[in-house]
Amino acid sequence: MEKLIITACICGAEVTKAHNPAVPYTVDELVREAKSAYDAGASIIHLHVREDDGTPTQDAGRFKVCMEAIQAACPDVIIQPSTGGAVGMSNDERLQPITLNPEMATLDCGTCNFGGDEIFVNTENMIKDFAKKMAARGIKPEIEVFDKGMIDMALRLHKKGYIQAPMHFDFVMGVNGGISGEPRDLLFMRESIPADATWTVAGVGRYEFPMITMGILMGGHVRVGFEDNVYLAKGVLAKTNGELVAKAVRIAKELGRDIASPSEARKILGLKSRA
Ligand code: KMH
Ligand code: ZN
C-alpha cells in the first residue's frame with residue numbers, strides 16, 4: 001500500500017490551554033509543537049496561528065513569522081495554512097496566509113453548525129472565490145469537508161473548473177454539526193470521491209484514533225493533533241502533538257503501512273519537489 005502521509009494539526013483556532021496546557025499560542029510554542037510532530041513522523045503541518053494571548057488570527061505577518069520559524073526547525077516539512085481561520089472571521093481576513101504562497105492551504109467546501117450558536121460560513125460564491133485565488137497562486141487546496149454535501153459541492157466546482165484534479169480531500173469527521181465519525185460514515189465519504197483523488201481523515205475528539213485506524217486500513221492518509229483532539233487515551237492528556245503523531249505511527253506500523261517523508265508526501269500529492 002502507498003506510504004502514509006501524516007498531517008499534524010497542532011493548534012487550531014478553538015482549542016485552548018484550558019483544554020490542554022500544551023496547546024501552542026506563541027511562536028516558540030508553535031515551533032516546539034510542529035517540531036515534536038515532525039520528529040515523530042508528520043510530513044504536513046496544518047497551521048493556524050494565535051496572538052500570544054491565544055486569540056486566533058489570520059494576520060499574514062504572524063503567519064510569515066511562524067512559517068519561517070517552523071521551516072527553520074523542520075526544513076522540508078509541508079506547511080498548510082488554514083483559510084478557515086476561526087468562526088466569524090471575514091473572507092479577506094481568512095485569505096491572508098495565501099499571500100505567502102504556501103504549497104497547500106485548506107479550502108472549506110460548505111457551511112455547517114460548529115457547536116452551540118457557532119456557524120462556520122462557506123457559501124458557494126465564497127468557495128469559488130477562495131478556489132480561484134488559490135489556483136492563481138498555484139496553491140494546492142486540501143478540500144476540507146465536514147459532511148457529504150460538501151464533497152458534492154467540491155465535485156460541482158471541479159466540473160466548473162474552479163478546482164483542478166487530482167483533488168485532495170480531508171474528511172473531518174465528528175464536528176458537532178457535521179457528519180459523525182462512525183465506520184459507515186467514513187466508508188460513505190470514501191465512496192463519494194473520484195478514484196483519482198487522494199484523501200486524509202481527521203476524527204474529532206474520541207473519533208480521532210478510530211477514524212485514523214480505519215483510514216490507514218483503507219489506504220487513505222491521516223490527520224491528528226490538538227486542533228481535533230487533546231487526549232492520547234481516555235482521560236490522558238497528550239503532552240505534545242508529537243505524542244499523537246507517534247501513536248498514529250505505531251498503529252500504522254502494526255497495520256503494515258510505512259510513513260511518508262515530506263518529499264514522498266509531495267510526490268503522492270503532486271506538489272512540486274523542493275530542493
Ligand atoms: N476553525 C474552524 C472554524 C480550516 O482549517 O480550514 C475551521 C477550520 C477549517 O479549522
Ligand atoms: Zn484547521
Side-chain angles (χ1 to χ4, degrees), residues 6-16 19 23-25 30 33-34 37 42 44-51 54-59 62-63 66-67 70 78-98 100 102-123 126-127 129-131 133-134 139-147 150-151 153-154 157 163 167-179 199-205 207-208 211 221-230 241 244:
I6 301 178
T7 298
C9 52
I10 59 175
C11 175
E14 288 78 26
V15 69
T16 70
H19 300 107
V23 170
Y25 297 164
L30 277 167
E33 287 306 310
I44 302 178
I45 303 294
H46 168 67
L47 191 64
H48 291 252
V49 301
R50 311 284 185 100
E51 305 291 354
T55 308
T57 175
Q58 291 289 101
D59 179 70
R62 183 70 166 183
F63 260 99
C66 294
M67 286 168 68
I70 290 171
I78 299 163
I79 302 180
Q80 178 201 86
S82 169
T83 67
V87 167
M89 287 178 171
S90 71
N91 301 358
D92 287 346
E93 208 175 349
R94 283 170 52 177
L95 276 167
Q96 288 177 81
I98 70 165
L100 303 169
E103 294 174 89
M104 301 182 81
T106 54
L107 177 65
D108 296 279
C109 276
T111 295
C112 62
N113 283 332
F114 224 72
D117 289 327
E118 305 279 86
I119 303 173
F120 182 36
V121 176
N122 297 283
T123 65
M126 275 176 69
I127 304 164
D129 181 50
F130 279 39
K133 288 179 172 151
M134 287 168 60
I139 300 168
K140 171 122 183 170
E142 175 161 292
I143 301 162
E144 279 212 15
V145 291
F146 299 80
D147 223 329
M150 298 188 194
I151 295 178
M153 171 65 82
L157 295 188
I163 304 174
M167 301 163 88
H168 176 64
F169 289 86
D170 179 18
F171 306 141
V172 184
M173 320 280 296
V175 166
N176 184 5
I179 195 165
W199 59 279
T200 191
V201 60
V204 173
Y207 292 120
E208 181 161 89
M211 283 295 95
H221 304 284
V222 301
R223 176 173 110 170
V224 294
F226 289 162
E227 177 169 348
D228 298 334
N229 164 52
V230 293
N241 276 276
L244 298 171

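For clarity, every value in this text was computed on a predicted model and none was experimentally measured. Every number for a ligand or one of its atoms is a count from 1 in the order of the listing.
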I need the Phe146 CZ to Asp108 CG distance, nearest 0.5 Å. 5.0 Å
What closest approach, in Å, do Arg223 and Cys9 show between heavy atoms, and which atom pair accounts for it? NE-SG, 3.5 Å
Using side-chain contact (heavy atoms from CB on, under 4.5 Å) as the criterion, point out the one residue from Asp147, Asn122, Ile143, Ile151 that pairs with Cys109. Ile143
Is there any N or O on Phe120 that sits under 3.5 Å from an N or O of ligand 1? no
Got the closest protein heavy atom to atom 3 (C) of ligand 1, with its distance? Glu14 OE2, 3.4 Å
Going by the order shown, which atoms of ligand 1 are within less than 4.0 Å of some heavy atom of His46? 5 (O)
So the atoms of ligand 1 within less than 4.0 Å of a heavy atom of Val87 turn out to be 3 (C)
Heavy-atom contacts with Gly84 under 4.0 Å: which atoms of ligand 1 show up? List them by number with element. 4 (C), 6 (O)
Can you spot which of Arg50, Glu33, His48 makes a side-chain contact (heavy atoms from CB on, under 4.5 Å) with Pro24? Glu33
Can a donor-acceptor pair be found, under 3.5 Å and without considering hydrogens, that links the side chain of Thr200 to the backbone of His221? yes
For ligand 1, find out whether one of its N or O atoms is nearer than 3.5 Å to an N or O atom of Glu227. yes
Tell me the angle that NE2 of His48 and OE2 of Glu227 form around the Zn ion (ligand 2), rounded to 10°. 100°
